[in-house]
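For reference, the structure discussed in these notes is given below.
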Protein chains: 2
Amino acid sequence: MGTTQLETVPEPKYRHLKTVISEALDSEFAVGEILPNERDLAARFGVARATLRQALEQLELEGRLQRRRGVGTTVAPPRMGVSVGSTAHNWPGVSDTAWELADGTREVPPASVVRHLGTGQDEPVHVVRRLRVSGGQPVAAELLYVPAASVPGLAAADAPTGTARGAAVLRELESLGLEGEDRAVELGSARSDDAKQLDRLPGAPVLVVTTRFFAGGGTAAVSVATYRADTCRLTFGDTGDVEVHS
Amino acid sequence: MGTTQLETVPEPKYRHLKTVISEALDSEFAVGEILPNERDLAARFGVARATLRQALEQLELEGRLQRRRGVGTTVAPPRMGVSVGSTAHNWPGVSDTAWELADGTREVPPASVVRHLGTGQDEPVHVVRRLRVSGGQPVAAELLYVPAASVPGLAAADAPTGTARGAAVLRELESLGLEGEDRAVELGSARSDDAKQLDRLPGAPVLVVTTRFFAGGGTAAVSVATYRADTCRLTFGDTGDVEVHS
DNA sequence: GAGTGGTCTAGACCACCGC
DNA sequence: CGGTGGTCTAGACCACTCT
């Protein structure tokens with residue numbers, strides 16, 4: 001038959017598109033540059049818009065593109081390296097400049113957190129909300145769960161509102177002797193409220209970092225931080241040199 | 001106007017579907033149970049198949065579902081906790097039972113790795129391929145890049161094939177004094193070859209763990225490990241208790 | 001209002017798996 | 001072979017942002 005057909009099965013169109021666009025991004029586009037709109041691109045490549053979108057979605061997942069409704073598709077800068085957890089164990093401090101205190105309330109935590117804390121099924125705990133900003137844009141939203149038993153200095157009576165309450169909880173925590181911590185990372189999708197804070201659509205991929213803080217022979221607090229997966233590379237530096245390189 | 005309209009904008013159908021299905025999974029299905037097929041489900045919910053698929057995709061991303069072509073959609077078990085990096089620094093050892101040695105070659109690493117290693121642009125390095133198996137299924141594929149300069153005991157002459165070569169490189173590494181390591185985690189999508197090893201489709205979401213090993217005042221090796229994001233929760237235990245809990 | 005990406009439809013065919 | 005999920009089409013309308 002004379003064909004020089006490759007041995008591979010035909011590659012799906014969207015995956016081929018992804019390769020082609022990816023190479024074009026490397027060679028013909030600068031960071032921040034706007035791509036043609038999806039209808040034009042689809043026409044240019046001779047595919048349906050849905051097929052083109054499948055390719056763009058994966059490129060966005062890989063942090064190569066950024067798409068914004070009403071605006072367009074732009075070439076994303078390389079991911080930021082954000083430092084998660086240093087060698088030295090320490091409490092999420094009030095003085096921590098990376099995080100911006102957003103709120104402090106008292107709520108019943110989700111079941112997965114209750115399991116770690118070992119608190120009662122419907123027992124409310126202190127919840128501190130914080131936002132991490134880096135390079136001028138929000139990169140992570142955190143919920144810190146602190147059982148009342150961990151911060152005995154805080155009576156139910158003194159209940160300042162919002163950030164004041166959150167600050168009080170953080171201060172109390174710092175006076176505890178931290179015995180160790182424990183961290184896990186997994187893929188998730190942004191809940192509606194997180195999405196709003198992170199300036200993404202609900203369901204956007206996030207890296208969920210769950211940290212358990214041990215003190216007094218038990219779990220004194222649990223932090224659940226959701227990082228934007230498109231813009232962040234989480235670094236666990238043992239060497240101490242924090243690089244927020246390009 | 002007398003309407004009791006909620007202040008929220010109408011939620012997209014697929015997101016509502018996701019909630020409904022998610023709740024059904026919690027209450028009406030057991031782990032491993034197969035769901036009705038996509039055409040049936042779409043009809044049952046009165047939506048197009050594409051819309052239903054959008055919901056299923058996100059649930060799969062969150063590790064709640066597992067879909068296999070030709071088989072069906074099943075309820076996924078909770079993610080495995082796989083331990084990544086212990087307190088003690090150590091080389092990827094030959095004796096490491098978690099990893100299974102797959103291959104050893106000599107290739108030119110990708111640009112991103114070259115940048116870390118500081119080797120020449122087109123300089124080939126030793127590449128050791130390993131596969132991590134946990135709970136009877138593959139969870140990660142690793143490429144370990146080792147410059148020739150890091151393992152001077154290995155002359156170009158002695159070139160055993162495949163796993164023998166890989167084992168030789170690992171043995172040589174272990175004789176070096178490890179000064180520290182450095183780790184980063186980010187979201188990626190499985191390359192075609194990784195996908196095959198991990199029993200997933202190309203483009204499937206993976207957690208990419210990049211580890212730099214420092215010795216002799218420089219980067220002696222770089223490991224790029226891609227973990228299945230759907231089935232794995234990466235744990236960075238400082239407390240030493242490795243829990244592969246349910 | 002014009003233009004963008006986001007959602008949705010109702011079909012079709014293909015690649016893979018197990019029987 | 002029949003049934004499954006995976007890919008693809010050619011439309012439509014909606015929600016958002018900018019001007």
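Sequence lines set the chain letters: A, B, ... in the order given, protein chains first and strands last, and positions in each chain run from 1.
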Between CD of B/Gln66 and C1' of D/dT4 the distance, given in whole Å, is 15 Å
Self-check item: B/Glu107 with B/Arg129: basic N within carboxylate O range, under 4.0 Å
Solution: yes
With the side chain defined as heavy atoms from C-beta on, B/Arg49 is closest, among C/dG6, C/dA12, D/dT9, to C/dA12
OP1 or OP2 of D/dG6 under 4.0 Å from side-chain N/O of B/Arg67:
yes
Between CG of A/Leu56 and P of D/dC8 the distance, given in whole Å, is 14 Å
Any carboxylate oxygen within less than 4.0 angstrom of a Lys/Arg side-chain nitrogen, looking at B/Glu142 and B/Arg132? no
Here the distance between atom C1' of C/dT9 and atom CZ of B/Arg53, to the nearest Å, is 15 Å
Among the nucleotides C/dT9, D/dT17, D/dC8, whichever has the atom closest to the side chain of A/Val71 is D/dT17
Rounded to whole Å, CG of A/Leu201 lies from C1' of D/dT17 at a distance of 13 Å
DNA chain C nearest-nucleotide lookup for A/Asn37 and B/Tyr14: closer to the 5′ end is A/Asn37
Tightest non-hydrogen contact, residues A/Leu131 and A/Ala140, listed as CD1-O, 3.2 Å
With the side chain defined as heavy atoms from C-beta on, B/Glu38 is closest, among D/dG6, C/dT7, D/dA15, to D/dG6
The residue, B/Pro202 or B/Gly70, whose nearest nucleotide of DNA chain D is more 5′ is B/Gly70
note: A/Glu60, atom CD; C/dT4, atom C1'; distance rounded to Å ~ 14 Å
Does A/Thr51 place a side-chain N or O at less than 4.0 Å from the phosphate oxygens OP1/OP2 of D/dT7? no
Decide yes or no, distance alone: a donor-acceptor N/O pair under 3.5 angstrom between the base of C/dG5 and the side-chain of A/Arg39. yes
- Message: Less than 4.0 angstrom between a side-chain N/O of B/Arg68 and OP1 or OP2 of C/dC17, yes or no?
- Response: no
From CG of A/Leu59 across to C1' of C/dG5 the rounded distance in Å is 16 Å
Testing D/dC8, C/dT7, C/dG5 for proximity to the side chain of B/Pro12, the answer is C/dT7
Taking the side chain as every heavy atom from C-beta outward, state whether A/Arg69 and A/Leu201 have any pair of such atoms under 4.5 Å apart. yes
Exercise. Answer yes when B/Arg67 and B/Asp230 have at least one side-chain N-carboxylate O distance shorter than 4.0 Å, and no when they do not.
Key: no
Separation of C/dA2 atom C1' from A/Arg69 atom CZ, nearest Å, is 16 Å
note: B/Leu52, atom CG; C/dT9, atom C1'; distance rounded to Å ~ 13 Å
